[in-house]
Visitor: 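Below you will find the structure I want to go over with you.
Everything quoted here is computed from the prediction, not taken from an experiment.
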Amino acid sequence: MSANLSSPVVAVVGATGAVGVEMIHCLEARNFPLSRLKLLASPRSAGRKLKFRDTEIEVEPLTEASFKGVDISLFSASGAVSRQFAPVAVAQGGIVVDNSSAFRMDPAVPLVVPEINAGEIANHKGIIANPNCAAIISITPLWPVHTRNRIKRLIVATYQAASGAGAAAMEELSESTRAYLEGRDYKNTVLPHPYAFNLFSHNTKIDPVTGYNDEEMKVIAETKKIFADPDIAVSATCVRVPVLRAHSVALTFECERPIAASEVRELMRTAPGVKLVDDWQNNYFPMPKDASGQDDILVGRIRQDLSDPSGRSVTLFTAGDQLLKGAALNAVQIAERLVKVPALA
């Protein structure tokens with residue numbers, strides 16, 4: 001049985017989490033043409049009611065029977081949940097857009113940012129992977145550059161918000177900040193280090209050989225796959241910062257031929273999914289406070305890299321809502337391509 005993509009039944013897996021809630025909001029805000037919405041979560045979240053359009057939908061416990069009659073499933077759960085239940089959803093005739101890392105580097109699974117490689121969606125075998133949030137916010141603005149003057153080397157430094165670690169981390173940042181300002185002790189339980197007025201290396205496992213953490217390796221590997229360029233050289237440093245939502249990224253890239261900062265700036269003016277924020281006179285550039293709640297990735301601080309006398313390198317800064325373009329919005333945009341909804345601004 002194949003999926004009905006003209007008026008699909010859509011399920012959101014992990015519906016009560018930070019990204020799941022945003023998926024529901026995106027489906028509503030973008031008037032996604034679904035016939036019915038199912039909300040699925042762990043048994044402890046079952047029974048909650050979440051608003052969608054003009055009604056409230058009760059969250060159901062996730063089981064193997066949950067996917068009967070579901071055409072598109074948007075997964076925002078752990079990799080373990082995705083590995084267990086995504087094949088079940090596909091076996092019952094549905095298509096899965098998965099936000100976890102479970103399938104991203106599987107050669108048989110498309111890894112898609114619609115502004116870059118939407119054509120890969122047609123190659124799916126039931127599962128389409130949503131990329132890492134830091135990778136999306138880093139490389140989406142770079143694609144118009146790469147298609148005109150290949151980027152051969154990319155240096156990435158991320159400033160990643162609490163939202164990337166979920167609703168519990170956002171709550172820990174809020175509560176620990178409140179405690180700090182009130183002079184109270186606070187015991188962090190979600191993240192490995194005190195979060196208020198602090199920053200630290202991304203809280204993923206460090207490879208004992210390379211010294212890179214898992215998040216950095218995701219950015220490196222996923223850039224190569226999304227760009228379909230295994231030879232692009234990428235290095236990343238990923239840092240958790242005390243910001244509630246919206247990641248920021250400092251990027252320096254080297255092209256094969258000389259490229260002027262002014263040329264990059266003009267490409268950013270018309271780049272899909274990007275908004276240019278590059279006001280030198282007022283020292284106003286991308287900030288997470290402005291990116292939060294926005295679909296577009298903000299790009300600015302575009303300047304020639306003075307360390308490269310060849311003129312082939314440019315440095316810039318981005319900020320993007322990790323819960324939206326970094327996760328929920330990108331997944332819904334993929335689903336829109338499946339049902340062939342015209343792209344929204």
Visitor: Any side-chain heavy-atom pair from Gln294 and Lys325 closer than 4.5 angstrom?
Guide: no

Visitor: Between Lys152, Arg150, Arg148, which is the residue that forms a salt bridge (charged side-chain N to carboxylate O under 4.0 Å, His left out) with Glu256?
Guide: Arg150

Visitor: Search all heavy atoms of Thr315 against all heavy atoms of Thr252 and return the closest pair with its distance.
Guide: OG1-OG1, 2.9 Å

Visitor: Can you give me the closest heavy-atom contact between Val314 and Val264, atom names plus distance?
Guide: CG2-CG2, 4.1 Å

Visitor: Under a 3.5 Å distance rule, please check whether Ser66 uses its side chain to pair with a backbone N or O of Leu62 as donor and acceptor.
Guide: no

Visitor: Looking at Arg104 and Glu222, is there a salt bridge between them, counting it only when a charged N and a carboxylate O are closer than 4.0 Å?
Guide: yes

Visitor: Could you check Val10 against Leu37 for side chain to side chain contact (heavy atoms under 4.5 Å, CB included), going step by step and ending with a plain yes or no?
Guide: CA-CA 5 Å; Val10 175; Leu37 180 63; 4.0 Å; yes

Visitor: Is there a donor-acceptor pair closer than 3.5 Å between any side-chain N or O of Asp229 and the backbone N or O of Asp231?
Guide: yes

Visitor: So if you build clusters from Ile, Leu, Val, Met, Phe, Trp, Tyr with side-chain heavy-atom gaps below 4.5 Å, do Val332 and Val339 land together?
Guide: yes

Visitor: Do Ile302 and Leu276 have side chains that get closer than 4.5 Å, going by heavy atoms?
Guide: yes

Visitor: What heavy-atom pair brings Ala319 and Ile137 nearest, and what distance separates the two atoms?
Guide: C-CG2, 4.3 Å

Visitor: Any side-chain donor paired with an acceptor under 3.5 Å for Asp98 and Ser82?
Guide: yes

Visitor: Decide whether Leu111 and Leu74 are clustered together by the hydrophobic rule: side chain heavy atoms of Ile, Leu, Val, Met, Phe, Trp, Tyr closer than 4.5 Å, transitively.
Guide: no

Visitor: Would you please name every residue forming a side-chain contact (heavy atoms from CB on, under 4.5 Å) with Thr204, sequence neighbours left out?
Guide: His202, Asn213, Asp214, Glu215

Visitor: Is there a path of hydrophobic side-chain contacts, each under 4.5 Å between heavy atoms of I, L, V, M, F, W or Y residues, that connects Leu39 with Ile95?
Guide: yes

Visitor: Distance-only, no hydrogens or angles: does the Asn130 side chain make a donor-acceptor pair with backbone N or O of Ala327 under 3.5 Å?
Guide: yes

Visitor: Can you check whether Val112 reaches Pro114 side chain to side chain, under 4.5 Å on heavy atoms?
Guide: yes

Visitor: Looking at Lys224 and Ile232, what are the two nearest heavy atoms and their distance?
Guide: NZ-O, 2.5 Å

Visitor: Does any non-hydrogen side-chain atom of Met105 lie less than 4.5 Å from one of Lys225?
Guide: yes

Visitor: State, yes or no, whether a side-chain contact exists between Ser100 and Val81 at a heavy-atom distance under 4.5 Å.
Guide: no

Visitor: Is a side-chain donor or acceptor of Thr147 paired with a backbone partner of Pro144 at a separation under 3.5 angstrom?
Guide: yes

Visitor: What are the two closest non-hydrogen atoms of Asp308 and Ser313, and how far apart are they?
Guide: OD2-OG, 2.5 Å

Visitor: Tell me whether the centres of the aromatic rings in His247 and Tyr159 are closer together than 6.0 Å.
Guide: no

Visitor: Side-chain heavy atoms under 4.5 angstrom apart, residues restricted to Ile, Leu, Val, Met, Phe, Trp, Tyr: same cluster for Val277 and Leu324?
Guide: no

Visitor: What's the verdict on side chain to side chain contact (heavy atoms under 4.5 Å, CB included) for Phe317 and Leu251, showing C-alpha distance, side-chain angles and the deciding distance?
Guide: CA-CA 6 Å; Phe317 193 77; Leu251 298 153; over 6 Å; no

Visitor: Is it the case that the side chain of Lys218 and the backbone of Ala135 share a donor-acceptor pair, with hydrogens and angles ignored and the cut-off at 3.5 Å?
Guide: no

Visitor: Scan residues 72-129 for pairs that pass ring-ring contact (aromatic ring centres under 6.0 Å, His included), counting only residues two or more places apart or in two chains.
Guide: Phe67-Phe75

Visitor: Show me the donor-acceptor pairs, under 3.5 Å and distance only, between side chains in residues 176-189 and residues at least two apart or in other chains.
Guide:
unit_1, atom_1, unit_2, atom_2, d
Ser176, OG, Glu172, O, 2.7
Ser176, OG, Leu173, O, 3.2
Thr177, OG1, Leu173, O, 2.7
Arg178, NH1, Glu175, OE1, 3.3
Arg178, NH1, Glu175, OE2, 2.6
Glu182, OE1, Arg184, NE, 2.8
Glu182, OE1, Arg184, NH2, 3.0
Asn188, ND2, Leu191, O, 2.8

Visitor: Carefully, step by step, assess Gln160 and Val239 under the rule side chain to side chain contact (heavy atoms under 4.5 Å, CB included).
Guide: CA-CA 6 Å; Gln160 293 182 229; Val239 175; over 6 Å; no

Visitor: Between Asn117 and Gly119, is there a donor-acceptor pair closer than 3.5 Å when you use the side chain of the first and the backbone of the second?
Guide: no

Visitor: Do the side chains of Ile334 and Trp143 join up, straight or via other hydrophobic residues, at under 4.5 Å, putting them in one cluster?
Guide: no

Visitor: How far apart are the C-alpha atoms of Ser174 and Leu244, what are their side-chain angles, what is the distance that settles it, and do they pass the side chain to side chain contact (heavy atoms under 4.5 Å, CB included) test?
Guide: CA-CA 8 Å; Ser174 297; Leu244 275 176; 3.7 Å; yes

Visitor: For Thr270, which residues count as a side-chain contact (heavy atoms from CB on, under 4.5 Å) partner, sequence neighbours excluded?
Guide: none

Visitor: Are any non-hydrogen side-chain atoms of Phe285 and Asp279 less than 4.5 angstrom apart?
Guide: no

Visitor: Any donor and acceptor pair, going by atom type alone, linking the side chain of Glu115 with main-chain N or O of Pro272 inside 3.5 Å?
Guide: no

Visitor: Identify every side-chain donor-acceptor pair in residues 12-29 under 3.5 Å, counting partners at least two apart or on other chains, and give the distances.
Guide:
unit_1, atom_1, unit_2, atom_2, d
Thr16, OG1, Ser45, OG, 3.3
Glu22, OE2, Arg245, NH1, 3.3
Glu28, OE1, Arg53, N, 2.9
Glu28, OE2, Arg53, N, 3.4

Visitor: Centre of Phe200's six-membered ring, under 6.0 Å away, within 45 degrees of the axis: is that where NZ or CZ of Arg240 sits?
Guide: no

Visitor: Do Val145 and Leu267 have side-chain heavy atoms sitting under 4.5 Å apart?
Guide: yes

Visitor: Does Ser6 have any side-chain contact (heavy atoms from CB on, under 4.5 Å) partners at least two apart in sequence or in another chain, and if so, which?
Guide: Asn4

Visitor: Would you say Leu298 and Asp290 make side-chain contact, with heavy atoms under 4.5 Å?
Guide: yes

